[in-house]
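So the structure is just underneath, and the comments pick up after that.
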Amino acid sequence: MLAWILIAFFAYRIYKKKTIKPKIWKVILVIIIGLISFSINFNMFETFLKFPILPLGVWILFFVFIFRNSRWQVYRSFAWLGFLANFLFLASTLLAIPIHSFIYPKGEPTTYISNTEEASLIMTHPSGEVRSLNNERLLNQLPMMWQESIESDEWYEEADMGTESAEVKERFPYRLVGTSSKWGSGLASVIYVEKDGKGILLSTPTEQLYFRSDISLIERGGAE
C-alpha cells in the first residue's frame, strides 16, 4: 500500500509538470505496462523477492508509441516510473520483513493460534485415545508455552520400536482444528497435539515448531 501511494504521488508530480496533459487512464495504463521487467527472483527470510534488471515494459511502450507516431515524450516519464516502481515494491517488501516479524513473532504459539473458541481435537492415529480439548486451558496456556527443539531422531526411534512390537507409537496422534492464526499475519500451519496433551507441533510450509506446556491441554470426559 505504501509503495502504491508513493507511485501515485510521483505520477501526480510528473503530471503537474507536463505542458501537454495526457489522459489519466492512459497514464495509469502506461505505468502498469512499465512495471513489466526481466527480473531475478530469489528468497530472503522466507520471502519471495524480485530484483528488476531490464525494463521490458518501457521498451514495449517505446516501440508502440514510435510506430503509431504518438507523443512518446509525453508518456516516457510515466513508463520509467512504472519500471522504477519495481524497486519501490522491493524496498517496501524488505521493510515489511522486520515489521512483520516484530508484530507476528514466529517463536510464539499465539501467532499461529489466536482464536480458540471453536477449537477441537481430531484423532489422526489409532494409537491415540478418546480425548477432548479443554479450550479454556488452551487459551490460558498459550502465552506461557515455551519452545523446545525437535528431537526428530529420538521420536523416529520411538515410532520404530513400536513397529517392531506390532504397535505403532505416534507421538502426535491428535490434530487441533477450528483455530486461526493472528489476524493479518497470513501464516498457515497444521497443528498437532502430543499424546500427553502438553506439547503442540506447528507444521508450516517452511518449518516445524514444537512448544510445551506445564499442564495438559486435553482431558477425558471433563477430568484431566
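- Proximity of Tyr210 to Ser149: side-chain heavy atoms (C-beta onward) are nowhere separated by under 4.5 Å.
- Looking only at distances, a side-chain donor or acceptor of Thr93 sits under 3.5 Å from a matching main-chain atom of Phe89.
- In this structure, Pro55 and Ser37 have side chains that are not in contact, with every pair of non-hydrogen atoms separated by 4.5 Å or more.
- The CZ atom of Arg131 sits 10.5 Å away from the CG atom of Leu121 when rounded to the nearest 0.5 Å.
- Residues Ile99 and Ile97 do not share a hydrophobic cluster, defined by chaining ILVMFWY side chains whose heavy atoms lie under 4.5 Å apart.
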After noting the C-alpha distance and the side-chain angles of Lys23 and Val27, does the key distance pass the side-chain contact (heavy atoms from CB on, under 4.5 Å) rule? CA-CA 6 Å; Lys23 294 182 179 180; Val27 170; over 6 Å; no
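- Although no hydrogens or angles enter the test, the distance criterion places no donor-acceptor pair under 3.5 Å between the side chain of Ser181 and the main chain of Ala188.
- Note on ring orientation: taking the six-membered ring where Trp is involved, the planes of Phe65 and Trp72 are tilted (angle from 30° to 60°).
- Put simply, the side chain of Asn41 does not reach to within 4.5 Å of the side chain of Leu49, judged on heavy atoms.
- Panel note: side chain Thr179, backbone Thr116; no donor-acceptor pair is recorded below 3.5 Å.
- Atom NZ of Lys21 is surrounded by more than 12 heavy atoms from other residues, nucleotides or ligands within 6.0 Å.
- Ring planes of Tyr15 and Phe78: tilted class, angle from 30 to 60°.
- Minimum heavy-atom separation, Leu209 to Lys106: CD1-O, 3.2 Å.
- Salt-bridge check for Arg171 with Asp196: failed, with every basic side-chain N at 4.0 Å or more from each acidic carboxylate O.
- When the side chains of ILVMFWY residues are joined at heavy-atom separations under 4.5 Å, either directly or via intervening members, Leu88 and Leu54 end up in a single hydrophobic cluster.
- A continuous path of hydrophobic side-chain contacts links Leu29 to Val58 [ILVMFWY only; heavy atoms under 4.5 Å].
- Closest of all the heavy-atom pairs between Arg212 and Glu194 is NH1-OE1, 2.8 Å.
- A donor atom on one side chain and an acceptor atom on the other are not found under 3.5 Å apart for Lys17 and Ser77.
- When the side chains of ILVMFWY residues are joined at heavy-atom separations under 4.5 Å, either directly or via intervening members, Ile7 and Ile5 end up in two distinct hydrophobic clusters.
- Note on Leu90 and Phe83: same hydrophobic cluster, where clusters join Ile, Leu, Val, Met, Phe, Trp and Tyr whose side-chain heavy atoms are under 4.5 Å apart, directly or indirectly.
- For Arg137 (side chain) and Ser216 (main-chain N/O), a donor-acceptor pair under 3.5 Å exists by modelled atom type.
- Taken from CD1 in Ile122 to OH in Tyr192, the straight-line distance is 10.5 Å, to the nearest 0.5 Å.
- The pair Lys195-Glu170 does not count as a salt bridge, with every side-chain nitrogen at least 4.0 angstrom from each carboxylate oxygen.
- Contact record, Tyr174 with Thr124: N-OG1, 3.9 Å, taken as the closest heavy-atom pair.
- Counted within 6.0 Å of OH on Tyr12, heavy atoms from surrounding residues, nucleotides or ligands total 12 or fewer; the atom is thus considered open.
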Output, in order, the C-alpha distance, side-chain angles, deciding distance and verdict of side-chain contact (heavy atoms from CB on, under 4.5 Å) for Asn135 and Glu117. CA-CA 7 Å; Asn135 296 60; Glu117 294 180 0; over 6 Å; no
Walk me through it: do Leu94 and Ser92 pass the test side-chain contact (heavy atoms from CB on, under 4.5 Å)? CA-CA 5 Å; Leu94 291 173; Ser92 62; over 6 Å; no
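- A donor-acceptor pair under 3.5 Å links the side-chain atoms of Thr204 to the main chain of Glu207, judged by distance alone.
- A centroid separation of 6.0 Å or more is found between the aromatic rings of Phe211 and Trp146.
- Between Leu176 and Val190 the shortest side-chain heavy-atom distance does not fall below 4.5 Å.
- The distance from atom NZ of Lys18 to atom NZ of Lys16, rounded to the nearest 0.5 Å, is 14.5 Å.
- Around CZ of Arg13, the count of heavy atoms belonging to other residues, nucleotides or ligands within 6.0 Å does not exceed 12.
- Put simply, the side chain of Tyr104 does not reach to within 4.5 Å of the side chain of Tyr112, judged on heavy atoms.
- Using a 4.5 Å heavy-atom cutoff, the side chains of Pro52 and Phe38 are not in contact.
- Between the CG atom in Leu139 and the OG atom in Ser114 there is a gap of 10.0 Å [rounded to 0.5 Å].
- There is a side-chain donor-acceptor pair under 3.5 Å between Gln141 and Ser213.
- From Ile36, atom CD1 reaches atom CG of Leu56 across 7.5 Å, with rounding to the nearest 0.5 Å.
- For the residue pair Leu142 and Ile113, the shortest heavy atom distance occurs at CD1-O, 3.5 Å.
- Of all heavy-atom pairs between Leu61 and Gly34, the closest is CD1-N, 4.1 Å.
- A pairwise comparison of heavy atoms in Asn115 and Ser180 identifies CB-OG, 3.5 Å as the closest pair.
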When you look at Lys50 and Ile40, which way does the side-chain contact (heavy atoms from CB on, under 4.5 Å) test go after all the steps? CA-CA 6 Å; Lys50 297 174 63 177; Ile40 296 177; over 6 Å; no
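- Judged by distance alone, the side chain of Asn86 and the main-chain N or O of Leu35 form a donor-acceptor pair under 3.5 Å.
- Taken from CD1 in Ile200 to CD in Gln147, the straight-line distance is 10.5 Å, to the nearest 0.5 Å.
- Using a 4.5 Å heavy-atom threshold, the side chains of Ile191 and Leu201 count as separate.
- Between Met144 and Asp214, every side-chain heavy-atom pair lies at or beyond the 4.5 Å cut-off.
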